[in-house]
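Proteins get letters first, then strands, A, B, ... in listed order; numbering begins at 1 in each.
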There are 2 protein chains.
Amino acid sequence: MKLINQLSKETGIPIATIRFYEKTGLFAGKKKADVKSNNYTYYDDEVVGKLDLIRDAKSIGFTLSEIKELIDAWYSKQISKEKKLAILDSKLSQIEEKIKELKSVKKQIAFFKSEVENFDW
Amino acid sequence: MKLINQLSKETGIPIATIRFYEKTGLFAGKKKADVKSNNYTYYDDEVVGKLDLIRDAKSIGFTLSEIKELIDAWYSKQISKEKKLAILDSKLSQIEEKIKELKSVKKQIAFFKSEVENFDW
DNA sequence: TTATACCATGAACTATACTTCATACTTTAT
DNA sequence: ATAAAGTATGAAGTATAGTTCATGGTATAA
């Protein structure tokens, strides 16, 4: 169980961003009931996993709201197996679609490139 | 040479968005000097091509500023061949990188899925 | 014990990418 | 001729995803 500073260092995500994500509902730290002198929040390794997932999913263009679905599909105990699988399948389709679009734009840029190389004098 | 309404219909991009893109400097329509009674802007087919490129590039997560570079690399007459090729190569690398990230997240989600399928009872 | 570092909270601020609104003028169809 | 549709411009508003700031309390090391 780590404090926010250590969590930030482990994940490379700024403290303010972690706080923002937590407020957004992507995960939750815990208050230690036995600690009376302060109000500090503690985070376990599951939160590290969630932050890693957030970083990866963001890098491929998922919104925080889409990432929240993904996190719920993987970590939530309130969601049925069927629902989880449906969410995961939908995310996989989104990724397939993105890969297709990327390949298509890649082709277009490669075409631009060959045109610039061959006909731009 | 078409007016903004027709351009919007041809590309499927809302008029307000086209205006926003034009203001952002992604392309420019032309005023007809011989038309004295109004101030209407006219757009040619090159603008249609640019709007198509904007739509495609946006869909794969390029920012408008990145898309502007791309448009310049393809359409600008002010930019040297070498510079254009460098920009296009850099965009191709970005796309390769995105494809890799997508495949990596895809694997991760497939793992989640198999775990949910097999161990979630 | 006191300076430095760390934590919490709320509010304001920023950037990107639009969208909506208000106003006013122009064109077109009836 | 006049109502409906189209165009231009500027300003304000919205959504997402943060970042920065102010304030105040807590922990720790010299």
Side-chain angles (χ1 to χ4, degrees), chain A residues 1-44 47 50-71 94 98 101, chain B residues 1-44 47 50-71 94 98 101:
Chain A
M1 295 293 268
K2 52 207 77 167
L3 292 172
I4 198 161
N5 192 38
Q6 194 192 333
L7 181 62
S8 170
K9 274 166 189 155
E10 274 183 35
T11 59
I13 297 172
I15 290 179
T17 306
I18 293 174
R19 291 222 161 93
F20 170 74
Y21 288 161
E22 183 164 12
K23 200 165 54 179
T24 306
L26 291 172
F27 56 81
K30 291 161 182 111
K31 302 288 180 181
K32 283 195 172 173
D34 54 313
V35 178
K36 61 197 183 301
S37 71
N38 68 40
N39 191 30
Y40 292 3
T41 309
Y42 292 83
Y43 302 92
D44 58 24
V47 173
K50 288 177 182 179
L51 283 172
D52 287 343
L53 180 55
I54 292 168
R55 190 176 352 72
D56 293 348
K58 269 191 54 57
S59 83
I60 64 168
F62 279 136
T63 64
L64 293 186
S65 137
E66 287 169 336
I67 293 169
K68 181 159 169 33
E69 291 187 316
L70 195 46
I71 286 178
Q94 285 181 48
K98 280 175 197 277
E101 285 168 348
Chain B
M1 295 293 268
K2 52 206 77 166
L3 292 173
I4 198 162
N5 192 36
Q6 195 191 334
L7 181 62
S8 171
K9 274 168 188 153
E10 274 182 35
T11 60
I13 296 173
I15 290 178
T17 307
I18 293 175
R19 291 222 162 93
F20 170 75
Y21 289 160
E22 182 164 12
K23 201 166 53 181
T24 307
L26 291 172
F27 56 81
K30 291 161 182 108
K31 301 288 180 179
K32 285 196 169 171
D34 54 315
V35 178
K36 61 198 180 304
S37 71
N38 67 39
N39 192 29
Y40 292 1
T41 309
Y42 292 82
Y43 302 92
D44 58 24
V47 173
K50 288 178 181 178
L51 282 172
D52 288 344
L53 180 55
I54 291 167
R55 191 177 351 71
D56 293 348
K58 270 190 54 57
S59 82
I60 64 167
F62 279 138
T63 64
L64 293 186
S65 136
E66 286 169 336
I67 293 169
K68 182 161 167 34
E69 291 187 316
L70 195 46
I71 286 178
Q94 284 181 50
K98 281 174 196 277
E101 285 166 347

Practice problem: Report yes if at least one side-chain N or O of A/Asn38 is closer than 4.0 Å to OP1 or OP2 of D/dA27; otherwise report no. | Solution: yes

Practice problem: With the side chain counted from C-beta on, respond yes when B/Tyr21 and B/Leu51 share a heavy-atom pair under 4.5 Å apart, and no when they do not. | Solution: yes

Quiz prompt | Bounds of contact between DNA chain C and chain B, in 5' to 3' order, using a heavy-atom cut-off under 4.0 Å | solution = C/dA17 to C/dT27

Quiz prompt | A/Tyr42 side chain near A/Lys31 side chain, heavy-atom distance below 4.5 Å | solution = no

Quiz prompt | Interface residues of residues 53-64 of chain B with DNA chain D (non-hydrogen, below 4.0 angstrom) | solution = none

Quiz item: Got a sec, which residues hit salt bridge (Lys or Arg N to Asp or Glu O under 4.0 Å) with A/Arg19, two or more places apart in sequence or on another chain?
Solution: none

Distance-only donor-acceptor pairs under 3.5 Å for side chains of residues 32-40 of chain A, two or more places apart:
residue: A/Asn38; atom: OD1; partner: A/Tyr40; partner atom: N; Å: 3.1

Self-check item: Length of the CG-C1' vector between A/Asn5 and D/dT28, whole Å
Solution: 13 Å

Self-check item: Check: A/Leu64 and A/Lys58 side chains under 4.5 Å, non-hydrogen atoms
Solution: yes

Quiz item: Is B/Lys50 close enough and on-axis enough to B/Tyr43, meaning under 6.0 Å and within 45°, for cation-pi?
Solution: no

Practice problem: Output yes when a side-chain donor or acceptor of A/Thr41 lies under 3.5 Å from a complementary backbone atom of A/Lys30, and no otherwise. | Solution: no

Exercise. Check for a donor-acceptor pair, side chain of A/Arg55 on one end and backbone N or O of A/Thr11 on the other, with a separation under 3.5 Å.
Key: yes

Practice problem: For A/Tyr40 and for B/Pro14, locate the closest nucleotide of DNA chain C by heavy-atom distance; then report the residue assigned to the nucleotide nearer the 5' terminus. | Solution: A/Tyr40

Quiz prompt | Heavy-atom check, side chain of A/Lys98 versus side chain of A/Phe62, under 4.5 Å | solution = yes

Practice problem: Would you confirm whether B/Thr24, through its side chain, and B/Phe20, through its main-chain N or O, come within 3.5 Å as a donor-acceptor pair? | Solution: yes

Quiz prompt | Min side-chain heavy-atom separation B/Ile71-B/Ile54 under 4.5 Å | solution = yes

Quiz item: DNA chain C: stems of at least 3 consecutive Watson-Crick or G-U pairs, cut-off 3.5 Å?
Solution: C:1-30 with D:1-30

Practice problem: Return yes if some donor-acceptor pair links the side-chain N/O of B/Asn5 with the main-chain N/O of B/Ser8 below 3.5 Å, else return no. | Solution: no

Quiz item: Which distance, rounded to the nearest 0.5 Å, do you find between the CG of B/Asp56 and the CG of B/Asp52?
Solution: 6.5 Å

Quiz item: Between D/dG6 atom C1' and B/Tyr42 atom OH, what is the distance in whole Å?
Solution: 11 Å

Self-check item: Distance, rounded to the nearest Å, where B/Ile4 contributes CD1 and D/dA5 contributes P
Solution: 19 Å

Practice problem: On DNA chain D, check which nucleotide each of B/Thr41 and A/Ser65 is closest to and give me the residue with the more 5' one. | Solution: B/Thr41

Quiz prompt | Within residues 15-35 of chain B: residues closer than 4.0 Å to DNA chain C (heavy atoms) | solution = B/Ala16, B/Thr17, B/Phe20, B/Tyr21

